[in-house]
Amino acid sequence: MPDKLPATSLATPLATPSAALSVTARRLMTVAAATLIVAAAPASLAYAAPSAGVSPTSVAPGGRVALNVDGCGTRTGRATSTAFGEVRLTPGNLEATNLFGSATVLSNAATGTHRVVFECGGPGGERVTVSLQVTPGAARGGTGGSIGSMSPWQIGIGGTLAAGALGAGVWVLRRRAMA
């Protein structure tokens with residue numbers, strides 16, 4: 001039997017322990033790098049330039065608007081406008097990526113376009129400006145339009161149907177209780 005292995009043996013560079021370790025180490029480093037990239041992506045997106053919005057974008061004096069700024073990265077903020085003054089914004093979630101508030105447009109606000117300036121973290125913070133259109137007319141009050149277009153006849157029929165359904169439900173429950 002020969003003492004030496006032939007040159008064409010199974011001893012290839014990948015089969016040696018140090019080469020196998022380097023392949024495993026490379027795979028682990030690749031997985032670790034991919035994990036860091038995926039983990040860092042939301043953090044970098046969270047502190048991108050903030051975006052803001054006012055809803056509705058067109059409102060009459062005396063009406064309410066919802067204020068929202070996304071991507072501040074702070075737990076405080078404010079919105080200011082000649083249409084409603086200054087409003088403090090509060091976090092809408094635990095990460096404080098969204099700040100919310102609401103404002104009532106002044107009853108004597110001039111019609112036209114008003115700038116709404118959102119500041120992240122208060123004075124000196126990152127700013128975003130959007131527009132709010134104040135339209136002529138008064139804010140709709142009362143029932144908010146829920147019955148404004150219904151006639152008294154339609155309201156009476158709806159009430160009668162609701163009372164009939166309630167009465168039928170009571171009758172069925174009482175019959176079950178007696179049986």
Query - Shortest non-hydrogen contact from V116 toward A79 - result: CG1-CB, 4.3 Å
For residues 99-110, tabulate all N or O donor-acceptor pairs below 3.5 Å that involve a side-chain atom, not counting sequence neighbours.
unit_1, atom_1, unit_2, atom_2, d
S102, OG, R64, NH2, 2.6
T104, OG1, R64, NH1, 2.5

Report task. Quick one: pull up CZ in R78 and CZ in R127 and give me the separation to the nearest 0.5 Å. Result -> 7.0 Å
Query - V134 versus A83, closest heavy-atom pair with distance - result: CG2-CB, 4.2 Å
Query raised in the report: What are the two closest heavy atoms between V130 and A52, and how far apart are they?
Result: CG1-O, 3.6 Å
Query raised in the report: So do R115 and V117 actually touch side chain to side chain, heavy atoms under 4.5 Å?
Result: yes
Requested in this report: Return yes if a side-chain donor-acceptor contact under 3.5 Å exists between Q133 and T113, otherwise no.
Outcome: yes
Query - Nearest-0.5 Å distance that lies between atom OG1 in T76 and atom CD in E119 - result: 10.5 Å
Query raised in the report: Do you see a donor-acceptor pair shorter than 3.5 Å between the side chains of T82 and H114?
Result: yes
Query raised in the report: How long is the span from the CG atom in N98 to the CG atom in L89, to the nearest 0.5 Å?
Result: 11.0 Å
Query raised in the report: Do V65 and P56 come close enough that some side-chain heavy atom pair is under 4.5 Å?
Result: yes
Query raised in the report: Given the rule in the side-chain contact (heavy atoms from CB on, under 4.5 Å) test, do T90 and R88 qualify, once you have shown the distances and angles that lead to the verdict?
Result: CA-CA 7 Å; T90 58; R88 205 175 111 218; 4.0 Å; yes
Query raised in the report: Going by heavy atoms in the side chains, are L166 and W171 under 4.5 Å from each other?
Result: no
Report task. May I ask you to test the V59-L132 pair for a side-chain heavy-atom distance under 4.5 Å? Result -> yes
Report summary line: On a heavy-atom basis, the closest approach of C120 and V69 is SG-CG2, 4.5 Å
Report summary line: Test side-chain contact (heavy atoms from CB on, under 4.5 Å), reference F118, set V54, T129, V87, output is V54
